[in-house]
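Working notes for the structure below.
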Amino acid sequence: MRGALAGPRMLLRRLREAMAEPVNAQVRLDKIVVHIASNMVAEVCSVYVLRADGRLELFATEGLNREAVHLTTMRAGEGLVGLIARSAEPLALSDAQAHPAFSYKPETGEEIYNSFLGVPILRGGNTLGVLVVQNRVRRAYSEEEVEVLQTTAMLLAEIIASGELQSIVRPGAEIAARKPLALSGSAIAEGVGLGYAVLQQPRIVIKQFVAEDLKKEEERLDESIVAVRASIDELINSGEDDGPGEHRDVLEAFRLIAHDPGWLRRLREAVLTGLTAEAAVERVQNDARARLQRSTDPYLRERLHDLDDLANRVLHQLTGQPLVTANADLPDNAILVARNMGPAALLEYDRKKLRGLVLEEGGASSHVAIVARALGIPAIGEVENITTLAEQGDAIIIDGGTGEAHLRPQPDVRDAYAEKARLRARRQEQYRALRDQPAVTRDGARISLQMNAGLLIDLPGLEETGAEGIGLFRTELQFMIAPRFPRVEEQVALYSSVLAGAAGRSVTFRTLDIGGDKALPYMGKFEEENPALGWRAIRIGLDRPGLLRSQLRAMLRAGAGRDLRVMFPMVATAAEFDAAKAIVERERKHLVRHGYEPPRDLKLGIMVEVPSILWQLDEILERVDFLSVGSNDLVQYLTAADRDNRRVSSRFDPLSAPILRALKLITDKARETNTPVTLCGEIGGHPLEALALVAIGYRGLSMTASAIGPVKAMLLALDAGEAERFLAPRLAARDGAHSLRAELRAFAEARGVPL
Ligand code: PEP
Ligand code: MG
């Protein structure tokens with residue numbers, strides 16, 4: 001066995017020398033094909049490189065007509081070479097011309113060759129080209145030969161990905177590996193980011209592919225696997241997750257793979273072909289990725305991620321290179337690229353250096369999305385394959401408003417986005433000029449504009465935007481990003497810092513709104529058929545009063561001697577409010593008994609977001625000090641359309657009579673008892689929707705910080721009375737509940753109201 005493999009090792013050594021020689025790219029490729037052909041006793045060896053236009057171009061050959069180099073091309077899927085590129089799998093044939101996919105290229109003179117062995121040139125599971133050897137005689141290629149050619153293809157992948165071939169590319173025939181890509185995902189956090197890709201888990205840079213000492217490489221491989229297995233066992237046994245987002249079932253999957261005999265055998269075989277241990281891991285992982293990426297089975301694709309993570313751990317063990325990019329290594333203008341990320345991990349990075357965040361998996365409702373928005377970092381999610389398509393340091397642009405990304409953008413794309421970013425900055429500048437101006441409409445209606453928040457990092461937004469206060473403080477965010485349940489003392493510290501940071505402006509704390517799409521990683525998952533209609537928010541609070549009690553205790557202590565406002569989420573009946581209020585009262589008495597100073601003034605309210613409240617407004621208004629309308633949930637429940645399901649969430653326009661009538665019911669009723677109402681759902685932050693809300697009587701809106709400027713600019717130009725008179729008959733009309741958006745827009749545009 002070892003004798004038979006001395007040849008491949010010799011080949012790898014030759015190739016390594018060829019790669020190090022200071023010659024031009026064509027000469028290097030020409031030498032490489034000669035070495036491969038002679039070592040594998042083949043008459044032909046050819047390299048085809050995938051171009052940006054999707055064609056495979058012959059870049060070098062030994063054995064075929066030299067004139068065909070850079071002339072012969074084929075489509076992906078065309079001929080045997082095209083077939084390999086598409087399937088990303090090797091193909092060995094003793095009678096190639098009998099294969100149905102065989103296509104004859106007369107200029108190459110290949111008709112005299114019968115046997116054919118081709119392998120994909122892969123990097124990160126993506127095909128960069130195809131490497132082929134051919135023989136005149138009909139012969140069967142052994143498994144070892146296939147292995148050797150695949151290993152050789154890895155070195156070629158390095159050459160192609162390095163960009164070295166750029167110098168021999170003909171104009172208009174750019175190669176795919178470095179081509180500009182326009183990608184689309186989902187919008188997470190607004191803003192345009194221009195910068196350079198930083199992979200959060202950097203691909204390990206393998207400096208040495210070819211083994212000097214085979215025995216040593218086998219040992220290194222075995223040792224690293226033993227070490228990784230031990231570290232996984234330790235993580236599982238300690239009961240601690242390895243950082244946020246990585247849970248026990250994932251670790252169990254790692255353990256299974258780490259003990260999988262098939263995986264280990266493939267790694268050992270790769271080392272035996274003459275690779276270093278790290279190159280062997282990379283090789284085996286490349287093949288797995290190519291195979292699984294093309295699978296349509298979601299389970300298998302999920303396993304690919306487990307495999308990737310495990311391979312990464314082994315590589316990390318072998319090379320000592322860090323598993324994740326450290327903050328210190330972040331360049332200026334960094335666009336962080338990750339498969340997924342926990343919120344705490346994002347907070348580790350220096351905000352000043354981050355220009356954007358791109359996730360392969362996470363969407364708008366992921367926890368890290370909340371942090372990205374709070375930090376004001378443009379972010380997009382669900383960008384397929386971004387972690388394998390982007391190379392460290394690639395230029396990249398993201399648009400957090402549309403969910404688009406441009407990898408290695410052309411200069412015209414870059415200029416267009418740079419202009420867009422400049423325009424945005426200029427607009428922000430104009431909004432900043434409005435900061436200290438009160439939001440009063442032209443006819444004198446005063447609107448209180450407040451800000452939604454949930455983390456301490458949100459607080460500077462108050463100063464920056466001139467918000468009157470925090471109309472909604474989502475306390476669950478702190479709980480979601482914490483590694484475990486925050487203790488009462490920690491909660492007291494947080495709420496005190498929020499009140500101190502608000503410097504006298506009012507803050508409305510909302511008690512924990514968890515369940516549904518908001519899961520606490522340490523609380524254990526519970527399966528529900530219909531989580532949005534399930535055990536969540538105040539329902540958990542009342543069923544597990546210990547949880548609610550400790551939170552209320554922390555709020556009351558933080559509010560000592562100050563004004564404190566607390567509201568409860570997802571209240572569905574007046575009785576639920578009574579029960580929650582009773583807990584507050586008990587806690588207040590308890591604290592006073594223990595010598596704590598109570599809040600100077602305590603106001604209690606509820607979120608109006610469950611439709612049943614609309615028919616209990618009389619009872620509710622007798623009880624509460626204020627109302628806050630959660631239109632995100634209220635609209636989803638009124639229309640029975642999941643707010644996070646893109647297929648249905650845009651089906652019903654909130655700017656239509658049924659929704660606006662429901663929202664108006666609340667302000668009409670609240671006016672009778674003089675109860676303050678604020679709306680804190682997303683629609684309050686859209687100028688056109690805010691216009692309609694003012695027209696139906698809303699005088700308090702709480703929104704994401706960046707929306708305050710645009711909404712205030714709209715209000716300053718609006719005549720609220722005129723808007724009310726415009727909308728009222730349209731709300732009363734019986735015309736099938738169509739969207740009033742176009743009419744409202746026309747109303748605003750005709751009057752020069754900026755939207
Ligand atoms: C809402 O439902 O409108 C709301 C503000 O609460 P959340 O988005 O946190 O559910
Ligand atoms: Mg809600």
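Hydrogens, waters and symmetry mates play no part in the numbers below; they use all other heavy atoms, side chains included. Counting convention: from 1, in listed order, for ligands and their atoms alike. The residues of the chain are indexed from 1 along the displayed sequence.
Under a 3.5 Å cut-off, the side chain of D399 and the backbone N or O of E404 do not form any donor-acceptor pair. With hydrogens and angles ignored, the 3.5 Å screen pairs a side-chain donor or acceptor of Q616 with a backbone N or O of A572. No donor-acceptor pair under 3.5 Å is formed between the side chain of Y698 and the backbone N or O of G684. A donor-acceptor pair under 3.5 Å is absent between the side-chain atoms of Q200 and the main chain of L336, judged by distance alone.
Among heteroatoms of the N, O or S kind in D633, OD2 lies nearest the Mg ion (ligand 2). Residue E609 approaches the Mg ion (ligand 2) most closely through its N/O/S atom OE1.
Taking every heavy atom of G681 and a limit of under 4.0 angstrom, the matching atoms of ligand 1 come to 3 (O). Within the listing of ligand 1, atoms 4 (C), 5 (C), 6 (O) sit less than 4.0 angstrom from a heavy atom of M607. Using a 4.0 Å cut-off to heavy atoms of D633, the atoms of ligand 1 that qualify are 1 (C), 2 (O), 3 (O), 10 (O). Heavy-atom proximity to R643, at under 4.0 Å, picks out these atoms of ligand 1: 2 (O), 7 (P), 8 (O), 10 (O). Under a 4.0 Å criterion applied to the non-hydrogen atoms of G630, ligand 1 contributes the atoms 1 (C), 2 (O), 3 (O). Short contacts between ligand 1 and L472, defined as distances under 4.0 Å to a heavy atom of the residue, involve ligand atoms 5 (C).
If you check which protein heavy atom lies closest to atom 3 (O) of ligand 1, you get N632 N, 2.7 Å.
If you look at D513 next to ligand 1, the close heavy atoms, those under 4.0 Å, all belong to the side chain. Contact annotation for V629 and ligand 1: no heavy atom of the residue comes within less than 4.0 Å of the ligand. At a 4.0 Å heavy-atom cut-off, ligand 1 does not touch M570 at all.
E724 has no carboxylate O lying under 4.0 Å from a charged side-chain N of K664, or vice versa, which leaves the two without a salt bridge. A salt bridge is defined here as a Lys NZ or Arg NE, NH1 or NH2 lying under 4.0 Å from an Asp or Glu carboxylate O, and R424 with E190 meets this definition. A salt bridge does not link E576 to K581: none of the charged side-chain nitrogens sits closer than 4.0 Å to a carboxylate oxygen. Taking the charged nitrogens against the carboxylate oxygens, D578 and R623 do have a contact shorter than 4.0 Å, which makes a salt bridge. Under the 4.0 Å criterion applied to side-chain N and carboxylate O atoms, E689 and R741 are assigned as salt-bridge partners. E743 and R730 are joined by a salt bridge, as a carboxylate oxygen and a charged side-chain nitrogen come within less than 4.0 angstrom of each other.
Scanning R474, R536, M703 for the heavy atom closest to atom 9 (O) of ligand 1 points to R474. Selection from E476, R510, E609 by nearest heavy atom to atom 2 (O) of ligand 1 gives E609.
Note on D513: not counted as a metal contact of the Mg ion (ligand 2), no N/O/S atom lying under 2.8 Å.
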Working note: S506 + E468, criterion side-chain hydrogen bond (donor to acceptor under 3.5 Å, both in side chains); need CA distance, chi angles, decisive distance, verdict. CA-CA 7 Å; S506 90; E468 287 186 19; over 6 Å; no
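Residue E682 places no heavy atom under 4.0 Å from ligand 1. Not a single heavy atom of Q636 sits closer than 4.0 Å to an atom of ligand 1.
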